[in-house]
J.: 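If you scroll down you'll find the structure; I have some questions about it.
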Amino acid sequence: MLDIYDEGKTTMHNIRQRGIPLAEGYGKNIYDLEPELEREVRLLYEDAKISLWTEITPDFMATVPEAIAITTNSTDRKDYVYHPESGEILAETAVRRLENLRISWAEKIPDIQFIISDGLNPRALMDDGHLIPYIDSLKTTLKNSGYSVSSKNIVIKHGRVRAGYACGEILFGKRNTSESKGIVHIIGERPGSGHHNFSAYLTTAPTSTWTNSGTVDHNISKVVSGISDTSLTPKIAAKQTKTILDRMFTII
């Protein structure tokens, strides 16, 4: 019996070491949280509020290689949070910048375009050891496997997942062919866990599908989630992303 308890305590300790709070014991009253756990939960709540209202900083933008900064129809962070649909539609200036990028490609349209959005947790992208290791590792392995990858990184302020599809329509939707093109949309998500995780939404489709506005949506996308230095590490996530993209390009 003692061996079973020891094994349980060891397992719980290992889980807590990965940043996951577990309820054990109680406070002054049996219905109160254990004081240390209550403190931890409150810290997570405060961290979630800070994460939700954080803005991407100019210093961070300077670290993103060959960034093309665009924005959505959200007028500010509050509008973005309160009116989700505003973060799905690209601003007119964004459309023009993306059209210029497409024109610059001429006939050399890359297989994959990386897109980065602040999402609901910009800190997930800005934390050291998060975004850049993921991008560097994934781009390297994709290029080594024969994919052509855009040298530019589109960075969307106040962006939601569907803003990425809108980018794909502009970049890939002017050719009515069966040739597949894809996006890797990296977005900060799920404030409240304390891990500052980001996700990568992967979408591939023939250019003839990208041409039809609104056709590309969540139903044909895959996602790698929980990416951070304390959860699914960026380099491991990059390997998983590459595996999924291989399957998506093969199927389509």
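Index from 1, following the sequence. Just so it is clear, the values below take in all heavy atoms, side chains as well, and ignore hydrogens, waters and symmetry mates.
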J.: Indicate if I154 and W105 have the same hydrophobic cluster label, given that clusters are the connected sets of ILVMFWY residues with side-chain heavy-atom separations under 4.5 angstrom.
T.: yes

J.: Do E179 and I109 have side chains that approach each other closer than 4.5 Å (heavy atoms only, starting at C-beta)?
T.: no

J.: Hydrophobic clustering (ILVMFWY, side-chain heavy atoms < 4.5 Å, transitive) - are Y26 and M12 grouped together?
T.: no

J.: Considering all heavy atoms of both residues, which atom of L138 and which atom of K242 are nearest to each other, and what is their separation?
T.: CD1-N, 4.0 Å

J.: Does S231 reach the main-chain N or O of G226 with its side chain, forming a donor-acceptor pair under 3.5 Å?
T.: yes

J.: Is the backbone of P133 close enough, under 3.5 Å, to the side chain of D136 for a donor and an acceptor to pair up by distance?
T.: no

J.: Verify the neighbour count for atom CZ of R16: are there more than 12 heavy atoms of other residues, nucleotides or ligands below 6.0 Å?
T.: yes

J.: Is it the case that over 12 heavy atoms from other parts of the model lie below 6.0 angstrom from the CG atom of D6?
T.: yes

J.: Quick one: salt bridge (charged side-chain N to carboxylate O under 4.0 Å, His left out) partners of R77, sequence neighbours excluded?
T.: D118

J.: Backbone N or O of A205 within a donor-acceptor pair of the W210 side chain at under 3.5 Å?
T.: yes

J.: So with a 6.0 Å cut-off around CD1 of I30, is the heavy-atom count from everything else above 12?
T.: no

J.: Give the minimum heavy-atom separation between V64 and I132, together with the two atoms involved.
T.: CA-CD1, 4.4 Å

J.: What residues, two or more places apart in sequence or in another chain, satisfy side-chain hydrogen bond (donor to acceptor under 3.5 Å, both in side chains) together with Q240?
T.: none

J.: Stepwise, does the salt bridge (charged side-chain N to carboxylate O under 4.0 Å, His left out) test hold for R39 with E36?
T.: CA-CA 5 Å; R39 185 190 71 83; E36 181 60 27; 2.7 Å; yes

J.: Please report the closest heavy-atom contact between K139 and S151, naming both atoms and the distance.
T.: NZ-O, 3.9 Å

J.: Might you point out which heavy atoms bring S51 and P191 nearest each other, and give the distance in Å?
T.: CB-CB, 3.9 Å

J.: Salt bridge or not between R97 and E99? Use side-chain N to carboxylate O under 4.0 Å.
T.: no

J.: Among all residues two or more places apart in sequence or in another chain, which pass the side-chain contact (heavy atoms from CB on, under 4.5 Å) test with T243?
T.: R247

J.: For S225, which residues count as a side-chain hydrogen bond (donor to acceptor under 3.5 Å, both in side chains) partner, sequence neighbours excluded?
T.: none

J.: So which heavy atom on P234 is nearest to which on S228, and how close?
T.: CD-O, 3.7 Å

J.: Return the set of residues passing salt bridge (charged side-chain N to carboxylate O under 4.0 Å, His left out) with K49 (not counting sequence neighbours), or none when no residue passes.
T.: E46

J.: Could I get the full list of side-chain contact (heavy atoms from CB on, under 4.5 Å) partners for T54, not counting sequence neighbours?
T.: I50, P122, R123, M126

J.: So, does T72 use its side chain to make a donor-acceptor pair with the main chain of H158 at under 3.5 Å?
T.: yes

J.: Apart from L44 itself, what residues make up its hydrophobic cluster, given side-chain heavy atom links below 4.5 Å?
T.: none

J.: Within the distance-only criterion (no hydrogens, no angle test), does the side chain of D47 pair as donor or acceptor with the backbone N or O of L43 below 3.5 angstrom?
T.: no

J.: How far apart are the C-alpha atoms of T71 and I156, what are their side-chain angles, what is the distance that settles it, and do they pass the side chain to side chain contact (heavy atoms under 4.5 Å, CB included) test?
T.: CA-CA 5 Å; T71 188; I156 308 177; 5.8 Å; no

J.: Between V149 and F114, is the side chain to side chain contact (heavy atoms under 4.5 Å, CB included) condition met? List the steps.
T.: CA-CA 8 Å; V149 182; F114 277 60; 3.7 Å; yes

J.: Are I227 and N197 packed together at the side-chain level, in the sense that at least one heavy-atom pair is separated by less than 4.5 angstrom?
T.: no

J.: Ignoring hydrogens and geometry, is there a side-chain-to-backbone donor-acceptor pair from T141 to S137 under 3.5 Å?
T.: no

J.: Could you name each residue pair satisfying salt bridge (charged side-chain N to carboxylate O under 4.0 Å, His left out) that touches residues 145-154, not counting sequence neighbours?
T.: E66-K152

J.: For residues 85-94, please give each side-chain donor-acceptor pair under 3.5 Å, one per line with the distance, not counting sequence neighbours.
T.:
from, atom 1, to, atom 2, distance (Å)
S86, OG, S74, OG, 2.7
S86, OG, H83, O, 2.7
E88, OE2, R162, NH1, 3.3

J.: Is it the case that the side chain of H185 and the backbone of Y201 share a donor-acceptor pair, with hydrogens and angles ignored and the cut-off at 3.5 Å?
T.: no

J.: With rounding to the nearest 0.5 angstrom, report the CD1 to CG distance, I115 to N153.
T.: 10.0 Å

J.: Out of curiosity, T63 OG1 to L125 CG, how far, rounded to the nearest 0.5 Å?
T.: 10.0 Å

J.: Name the atoms and distances for all side-chain donor-acceptor pairs under 3.5 Å in residues 164-175, with sequence neighbours left out.
T.:
from, atom 1, to, atom 2, distance (Å)
Y165, OH, H218, ND1, 2.9
Y165, OH, S221, OG, 3.0
E169, OE1, S213, OG, 3.4
E169, OE2, G214, N, 2.8
R175, NH1, E107, OE1, 3.0

J.: If you link ILVMFWY side chains whenever their heavy atoms are less than 4.5 Å apart, which other residues fall into the same cluster as I4? By chain and number, please.
T.: none

J.: For the backbone of D32 and the side chain of N29, can you confirm whether one donor and one acceptor N or O come within less than 3.5 Å of each other?
T.: no

J.: Can you tell me how far CD of E40 sits from CG of L33, rounded to the nearest 0.5 angstrom?
T.: 10.5 Å

J.: Are any side-chain N or O atoms of H130 and backbone N or O atoms of D229, one a donor and one an acceptor, separated by less than 3.5 Å?
T.: yes

J.: If you take all heavy atoms of Y134 and V184, which pair is closest and at what distance?
T.: OH-CG1, 4.2 Å

J.: May I ask you to list the residues sharing a hydrophobic cluster with W53, side-chain cutoff 4.5 Å, ordered by chain and number?
T.: L52, Y80, V81, Y82, L120

